[in-house]
**Q** 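Structure below; questions to follow.
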Amino acid sequence: MNATLTEIEDGLMGGLATIDVFSKTSGMSVAGIRSSPKACALFNILCERITEALKKSQLPVPDFVYQTLLRLGDEGNVMIIVVDLTDKYRMGMAVDCVKAPLGILVSVVLPDAIPRLRNSLK
């Protein structure tokens, strides 16, 4: 799992602020780079609240939303990504959008890393 997280960091060319794989129930990190217990807890709450809001909105969104991408800040320079990996674990990361190639993140890095992280958690 740590090797996969390191490959994610390398693929983002200095744009990764933090990344953690954490428990959905406790918010505790099981692996990470520049781990932040507060970020894990906040990423967990964020994902739960977005899922709750989507259900209440009755928008035609699948019940199981496995990936959340949010751009934050006045310039949209920070992206928060939360991915459901299994029924027990999530991955949360913060990315500097100025440094990180977002096309590579969405098209190459995440599609490659997510299945490998899921396999690591089995």
**Q** Restricting to pairs with a member in residues 92-101, which pass salt bridge (charged side-chain N to carboxylate O under 4.0 Å, His left out), not counting sequence neighbours?
**A** none

**Q** Return each pair, listed once, that meets salt bridge (charged side-chain N to carboxylate O under 4.0 Å, His left out) where at least one residue sits in residues 28-47; pairs must be two or more places apart or across chains.
**A** Glu9-Arg34

**Q** Roughly how far, to the nearest 0.5 Å, is CD1 of Ile80 from CZ of Arg71?
**A** 12.0 Å

**Q** Which residues pass the side-chain hydrogen bond (donor to acceptor under 3.5 Å, both in side chains) test with Asp112, not counting sequence neighbours?
**A** Arg116

**Q** Quick one: list whatever passes side-chain hydrogen bond (donor to acceptor under 3.5 Å, both in side chains) with Ser35, sequence neighbours left out.
**A** Asp20

**Q** Hey, mind stepping through Met91 and Thr4 against side-chain contact (heavy atoms from CB on, under 4.5 Å) and telling me if it holds?
**A** CA-CA 12 Å; Met91 176 191 68; Thr4 302; over 6 Å; no

**Q** Indicate the atoms forming the closest heavy-atom contact of Ser23 with Thr25, along with that distance.
**A** OG-OG1, 3.0 Å

**Q** Are Val98 and Met79 connected into the same hydrophobic cluster when the rule is that any two of I, L, V, M, F, W, Y join if their side-chain heavy atoms are below 4.5 Å apart?
**A** no

**Q** Does a side-chain heavy-atom distance below 4.5 Å link Leu117 with Val83?
**A** no

**Q** Asn44 and side chain to side chain donor-acceptor pair (under 3.5 Å): which single residue from Arg49, Arg90, Lys24 fits?
**A** Arg90

**Q** Applying side-chain hydrogen bond (donor to acceptor under 3.5 Å, both in side chains), can you list everything that pairs with Ser107, at least two apart in sequence or on another chain?
**A** none

**Q** Using the side chain to side chain contact (heavy atoms under 4.5 Å, CB included) criterion, which residues pair with Met13? Sequence neighbours excluded.
**A** Pro101, Ile104

**Q** If you measure from CD1 on Ile8 to CD1 on Ile19, what distance do you get to the nearest 0.5 Å?
**A** 3.5 Å

**Q** Are Leu46 and Leu42 linked, directly or through intermediate hydrophobic residues, by side-chain heavy-atom contacts shorter than 4.5 Å (ILVMFWY only)?
**A** no

**Q** Could you check if a side-chain atom of Met93 sits within less than 4.5 angstrom of a side-chain atom of Leu110, using non-hydrogen atoms only?
**A** yes

**Q** For the CD1 atom of Ile33 and the OG1 atom of Thr6, what is their distance to the nearest 0.5 Å?
**A** 4.0 Å

**Q** The criterion is side chain to side chain contact (heavy atoms under 4.5 Å, CB included); which residues satisfy it with Asn2, sequence neighbours excluded?
**A** Leu5, Ala31

**Q** Distance from Ile50 atom CD1 to Ile45 atom CD1, nearest 0.5 Å?
**A** 12.0 Å

**Q** Between Lys88 and Val30, is a side-chain contact (heavy atoms from CB on, under 4.5 Å) present by the stated rule, with each step listed?
**A** CA-CA 11 Å; Lys88 295 181 182 179; Val30 296; over 6 Å; no

**Q** Could you work out, with side chain to side chain contact (heavy atoms under 4.5 Å, CB included) as the rule, every residue matching Leu121, not counting sequence neighbours?
**A** Met1, Val21, Leu85, Thr86, Tyr89

**Q** Can you list everything that forms a side-chain hydrogen bond (donor to acceptor under 3.5 Å, both in side chains) with Ser36? Sequence neighbours excluded, please.
**A** none

**Q** Do you know the tightest heavy-atom contact between Asp84 and Cys47?
**A** OD1-SG, 4.3 Å

**Q** The criterion is side chain to side chain contact (heavy atoms under 4.5 Å, CB included); which residues satisfy it with Ala17, sequence neighbours excluded?
**A** Ala94

**Q** Provide the closest heavy-atom pair for Cys40 versus Gly27 in the form atom of the first, atom of the second, distance.
**A** CB-O, 3.1 Å

